[in-house]
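These notes are about the structure you will find just below.
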Amino acid sequence: MAEDFTRFTVDLPRLRRSDGTPIRALVVDDEPQLSDLVRMGLQMAGWRVAVAHDGSSAVRMAREFVPDVLVLDVMMPGLDGVESLRRIRAFAPAVPAVFLTAKDAVEHRIRGLAAGGDDYVTKPFSMEELILRLHRLLVRSGAAAARQSELVVGNLVLNTDTREVSRGGTEIGLSATQFELLRYLMANAKTVVSKAQILDHVWNYDFGGQNNVVELYISYLRKKIDASRPPMIHTVRGVGYVIKPADG
């Protein structure tokens, strides 16, 4: 069993995906209590977490969830962790994986590493150890990097720590949702993002097809970011939105 997930003493920079959104982890273990503890621990680290309790579900969820990292129990009834990894790597060959193994099962650790596992943690383990290993693995693999405190596009600056936004040195006040929308656009500067992508990454779920909520918040941002200035936020008809340095 993992130790109490609240006992964190390791202070690590928060990781983000390349688009500025939270790391996605898929946890696979047939012990619900343990997988729930791991899920809560990783969520406290700011990650999005999906949980599967068997290998077949893990493979299916990996296709849908598209995780940045896998946490797999080696020994599970039916499709075990090693075979689950083999099948997931068939369509996601670069996804890093950490195996959970029994303390005395040396052969399981060897089998997991031989099958392409990147690291292993023996049970019982601490969440500190697991998060530290996952953190190092993600940075080493290039799947994520420590979050930068500032995003800069042209003369627009967003500080993710202080949550301050300014353009040309003039401070701009934003609501929490407006801030998250601007952060997502700036993390993907010069790249067109769709309404569906914005809904998923800013609101974390679909508004039942009500894409007009994106249009509404884009209009809010334009009034604050682009008011009486050369525009930075642009609509690409039929595709989505893009933010880029203003002309002139």
Side-chain angles (χ1 to χ4, degrees), residues 12-26 42-50 63-69 138-139 142-248:
L12 295 170
R14 182 155 294 194
L15 296 181
R16 308 289 290 187
R17 305 174 91 190
S18 59
D19 63 2
T21 57
I23 293 295
R24 295 188 178 197
L26 175 59
L42 296 182
Q43 286 176 338
M44 287 185 67
W47 297 11
R48 293 183 66 180
V49 185
R63 289 185 180 276
E64 301 169 354
F65 186 61
V66 191
D68 300 297
V69 68
L138 284 163
V139 172
R147 185 187 67 183
Q148 294 181 339
S149 61
E150 284 192 345
L151 295 173
V152 180
V153 178
N155 64 350
L156 181 65
V157 180
L158 180 149
N159 190 299
T160 57
D161 290 332
T162 64
R163 300 185 72 83
E164 294 175 335
V165 176
S166 64
R167 182 171 178 185
T170 302
E171 189 172 341
I172 300 170
L174 299 178
S175 71
T177 302
Q178 291 166 9
F179 182 90
E180 292 304 323
L181 174 56
L182 181 61
R183 172 159 61 179
Y184 181 62
L185 291 173
M186 292 181 70
N188 294 277
K190 300 182 181 180
T191 300
V192 180
V193 291
S194 68
K195 291 180 182 178
Q197 287 175 309
I198 292 173
L199 282 171
D200 182 48
H201 291 96
V202 177
W203 280 269
N204 291 328
Y205 61 90
D206 192 338
F207 263 66
Q210 298 179 28
N211 287 352
N212 59 313
V213 71
V214 176
E215 298 173 6
L216 180 63
Y217 274 84
I218 288 289
S219 70
Y220 290 156
L221 277 187
R222 280 181 167 141
K223 290 176 183 177
K224 295 185 176 183
I225 302 298
D226 291 343
S228 303
R229 303 180 180 98
M232 296 183 69
I233 301 172
H234 303 270
T235 300
V236 180
R237 291 192 178 278
V239 183
Y241 303 94
V242 62
I243 191 168
K244 55 186 178 180
D247 296 330

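Looking at N188, its side chain never comes within 3.5 Å of a backbone N or O of T191 through a donor-acceptor pair. The backbone N or O of F65 sits less than 3.5 Å from a side-chain atom of R24, completing a donor-acceptor pair. Of the possible donor and acceptor atoms, none in the side chain of N155 sits under 3.5 Å from a partner among the backbone N and O of R167. Between the side chain of D68 and the backbone N or O of L138, no donor-acceptor pair lies under 3.5 Å.
The minimum heavy-atom distance between V66 and R63, with the atom names listed, is CG2-O, 3.8 Å. F179 and N159 get closest at one heavy-atom pair: CZ-O, 3.6 Å. P22 and G46 get closest at one heavy-atom pair: CB-O, 3.3 Å. Across all their heavy atoms, T235 and R222 have their closest contact at OG1-NH2, 2.7 Å. Considering every non-hydrogen atom in both P231 and H234, the closest pair reads O-NE2, 3.5 Å.
Remark: L158 CG to R163 CZ distance equals 8.0 Å, nearest 0.5 Å. Here the CD-CG distance, from E64 to L26, works out to 10.5 Å after rounding to the nearest 0.5 Å. To the nearest 0.5 Å, atoms CG (L182) and CD1 (I243) are separated by 5.0 Å. With values rounded to the nearest 0.5 angstrom, T177 atom OG1 is found 9.0 Å from L181 atom CG. S166 OG to L156 CG: the interatomic distance, rounded to the nearest 0.5 Å, is 7.0 Å. Residue I218 holds its CD1 atom at 10.5 Å from CD of Q178, rounded to the nearest 0.5 Å.
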What's the verdict on side chain to side chain contact (heavy atoms under 4.5 Å, CB included) for Q197 and Y241, showing C-alpha distance, side-chain angles and the deciding distance? CA-CA 10 Å; Q197 287 175 309; Y241 303 94; over 6 Å; no
Given V69 and W47, is the side chain to side chain contact (heavy atoms under 4.5 Å, CB included) satisfied, shown in steps? CA-CA 11 Å; V69 68; W47 297 11; 4.1 Å; yes
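When side chains are defined from C-beta on, L221 counts as touching L185, because their heavy atoms get closer than 4.5 Å. The shortest side-chain heavy-atom distance between R183 and H201 does not fall under the 4.5 Å cut-off. Annotation: side chain of L199 is in contact with side chain of V213 (closest heavy-atom distance under 4.5 Å).
Heavy-atom neighbours of K224 NZ from other residues, nucleotides or ligands within 6.0 Å: above the threshold of 12.
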